[in-house]
Amino acid sequence: MARYDRAITVFSPDGHLFQVEYALEAVRKGNAAVGVRGTDIVVLGVEKKSAAKLQDSRSVRKIVNLDDHIALACAGLKADARVLINRARIECQSHRLTVEDPVTVEYITRYIAGLQQKYTQSGGVRPFGLSTLIVGFDPYSGVPSLYQTDPSGTFSAWKANATGRNSNSVREFLEKNYKETSGQETIKLAIRALLEVVESGGKNIEVAVMTKEHGLRQLDEAEIDAIAAEIEAEKEAAEAAKKAPPKET
């Protein structure tokens with residue numbers, strides 16, 4: 001058992017690559033991240049740990065631009081994420097230089113997934129301990145997209161998805177509540193999904209919104225707090241309506 005455990009390129013007798021499974025476990029212990037695709041907007045939200053008193057919170061970003069029309073959020077090891085993000089940004093610029101066209105969301109997702117897969121098949125390296133949510137707009141059709149990749153190099157397209165801590169419960173919430181929405185409703189759904197697993201409300205959430213016209217925009221704390229308060233008020237109203245006695249006819 002122990003030698004299969006240590007070697008990344010050796011399958012165990014029952015068909016497992018243990019190092020890849022341990023990388024998936026590192027993702028499950030990372031911060032929660034949520035992506036929701038609307039008709040004219042894509043929203044990324046991540047759980048952020050409370051910053052130390054003297055730390056500049058602006059220097060700890062978990063949602064980043066890869067190109068003008070593509071953004072990425074991740075769950076897992078942040079140092080690994082930095083390396084992967086830099087490689088993806090270089091690929092985006094190299095593609096522009098070579099082809100004179102911006103990359104599609106699927107192209108850069110395929111590139112990132114290919115890079116993650118390469119690190120599961122070579123000796124002397126270890127898998128990337130992170131899962132990514134990649135969003136953007138197709139530069140030709142203008143259609144919004146959301147993709148997920150994981151440490152094994154698998155990628156897939158989604159309407160809404162979550163990764164990281166408690167991702168299963170967030171995904172279940174999204175499955176029950178997802179509808180094709182646009183604008184503010186899409187942002188509210190992403191924040192509601194994150195509030196399912198984030199205890200201290202809006203102050204521990206980072207949210208970014210991407211539109212075709214304006215690209216990526218990070219919501220400030222006041223905007224997130226306002227939406228979180230609105231969601232809380234809706235919840236309380238729904239609870240009060242349930243408890244209210246039925247009207248007599």
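- I41 is not connected to V105 by any chain of hydrophobic side-chain contacts under 4.5 Å among Ile, Leu, Val, Met, Phe, Trp and Tyr, and they are in different clusters.
- Hydrophobic clustering, with ILVMFWY side chains joined whenever heavy atoms are under 4.5 angstrom apart, keeps V46 apart from V43.
- For the pair R171 (side chain) and A162 (backbone), a donor-acceptor distance under 3.5 Å is present.
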May I have the list of side-chain donor-acceptor pairs in residues 125-137 shorter than 3.5 Å, sequence neighbours left out?
| unit_1 | atom_1 | unit_2 | atom_2 | d |
| --- | --- | --- | --- | --- |
| R126 | NH1 | D80 | OD2 | 2.8 |
| R126 | NH2 | D80 | OD1 | 3.0 |
| R126 | NH2 | D80 | OD2 | 3.3 |
| S131 | OG | Q148 | NE2 | 3.2 |
| S131 | OG | T149 | O | 2.7 |
| S131 | OG | T163 | OG1 | 3.2 |
| T132 | OG1 | T149 | OG1 | 2.5 |

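- Heavy atoms only, all atoms of each residue included: L66 and R89 are closest at O-CG, 3.7 Å.
- Around CD of E180, the count of heavy atoms belonging to other residues, nucleotides or ligands within 6.0 Å exceeds 12.
- By the salt bridge (Lys or Arg N to Asp or Glu O under 4.0 Å) test, R217 pairs with E223, sequence neighbours left out.
- Contacts of Q218 classified as side-chain hydrogen bond (donor to acceptor under 3.5 Å, both in side chains), with partners at least two apart in sequence or in another chain: none.
- Note: K179 NZ to T186 OG1 = 12.0 Å, rounded to the nearest 0.5 Å.
- In this structure H95 satisfies the ring-ring contact (aromatic ring centres under 6.0 Å, His included) test together with Y107, sequence neighbours excluded.
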Exercise. Before giving the answer on side chain to side chain contact (heavy atoms under 4.5 Å, CB included), spell out for T39 and T181 the whole-Å C-alpha distance, their side-chain angles and the decisive distance to 0.1 Å.
Key: CA-CA 6 Å; T39 53; T181 55; over 6 Å; no
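- Rounding to the nearest 0.5 Å gives a distance of 13.0 Å between CG of L189 and CZ of R37.
- Across N166 and S169, no two heavy atoms sit closer than the pair O-OG, 2.9 Å.
- For residues 170-196, no pair satisfies ring-ring contact (aromatic ring centres under 6.0 Å, His included), with sequence neighbours left out.
- With hydrophobic clusters built from ILVMFWY side chains whose heavy atoms lie under 4.5 angstrom apart, L44 shares a cluster with W158.
- Of all the heavy atoms in A113 and F155, the pair that sits closest is CB-CD2, 3.7 Å.
- Partners of E232 under the salt bridge (Lys or Arg N to Asp or Glu O under 4.0 Å) rule, at least two apart in sequence or in another chain, do not exist in this structure.
- Minimum heavy-atom separation, C74 to A81: SG-CB, 3.5 Å.
- At least one side-chain heavy atom of R87 sits less than 4.5 Å from a side-chain heavy atom of L115.
- In terms of hydrophobic clustering, with Ile, Leu, Val, Met, Phe, Trp and Tyr side chains grouped at heavy-atom distances under 4.5 Å, I187 and I63 are assigned to different clusters.
- Other members of the cluster containing V27 do not exist, because no ILVMFWY side chain is joined to it at under 4.5 Å.
- In this structure, CG in L216 is found 9.0 Å from OG1 in T211, a value given to the nearest 0.5 Å.
- A donor-acceptor pair under 3.5 Å is formed between the side chain of D40 and the backbone N or O of G183.
- There is a path of hydrophobic side-chain contacts, each under 4.5 Å, that joins L174 to I191.
- Side-chain contact between I70 and M210: absent, with no pair of heavy atoms (C-beta onward) separated by less than 4.5 Å.
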Exercise. Could you walk me through whether Q184 and I227 pass side chain to side chain contact (heavy atoms under 4.5 Å, CB included), step by step?
Key: CA-CA 9 Å; Q184 196 71 6; I227 296 168; 3.5 Å; yes
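- The main-chain N or O of Y119 is never found under 3.5 Å from a side-chain atom of S122 such that the two would form a donor-acceptor pair.
- Proximity of a side-chain donor or acceptor of Q116 to a complementary backbone N or O of G153 within less than 3.5 Å is not detected.
- If you take CD on E175 and CG on N161, they are separated by 9.0 Å, rounding to the nearest 0.5 Å.
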Quiz item: Step by step, would you call R165 with K29 a side chain to side chain contact (heavy atoms under 4.5 Å, CB included)?
Solution: CA-CA 5 Å; R165 188 174 68 86; K29 289 182 175 173; over 6 Å; no
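- Side chain of T154 to backbone of D150: no donor-acceptor contact under 3.5 angstrom is found.
- S12 is listed as a side-chain neighbour of F18, based on a closest heavy-atom distance under 4.5 Å.
- Looking only at side-chain heavy atoms (C-beta outward), E47 and K62 stay at 4.5 Å or farther from each other.
- One distance of note links CD of E221 with CD1 of I205; it measures 11.0 Å at 0.5 Å rounding.
- The shortest distance between side-chain heavy atoms of L72 and I85 falls below 4.5 Å.
- Remark: E106 pairs with R110 by the salt bridge (Lys or Arg N to Asp or Glu O under 4.0 Å) rule, at least two apart or across chains.
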Quiz item: Are C92 and I108 close enough, and set up right, to give a side chain to side chain contact (heavy atoms under 4.5 Å, CB included), and what steps lead you there?
Solution: CA-CA 7 Å; C92 287; I108 201 64; 3.7 Å; yes
Show me, pair by pair, the donor-acceptor contacts under 3.5 angstrom made by side chains of residues 139-146, not counting sequence neighbours?
| unit_1 | atom_1 | unit_2 | atom_2 | d |
| --- | --- | --- | --- | --- |
| S141 | OG | V143 | N | 3.4 |

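- Residues satisfying the salt bridge (Lys or Arg N to Asp or Glu O under 4.0 Å) criterion with E234, sequence neighbours excluded, are K188.
- The hydrophobic cluster analysis finds I90 isolated: no Ile, Leu, Val, Met, Phe, Trp or Tyr side chain comes under 4.5 Å of it, directly or through other members.
- Here N177 contributes atom CG and E172 contributes atom CD; the two are 11.5 Å apart, rounded to the nearest 0.5 Å.
- Legend: side chain to side chain donor-acceptor pair (under 3.5 Å) pairs involving residues 64-77, not counting sequence neighbours, sorted by first then second residue: D67-R96.
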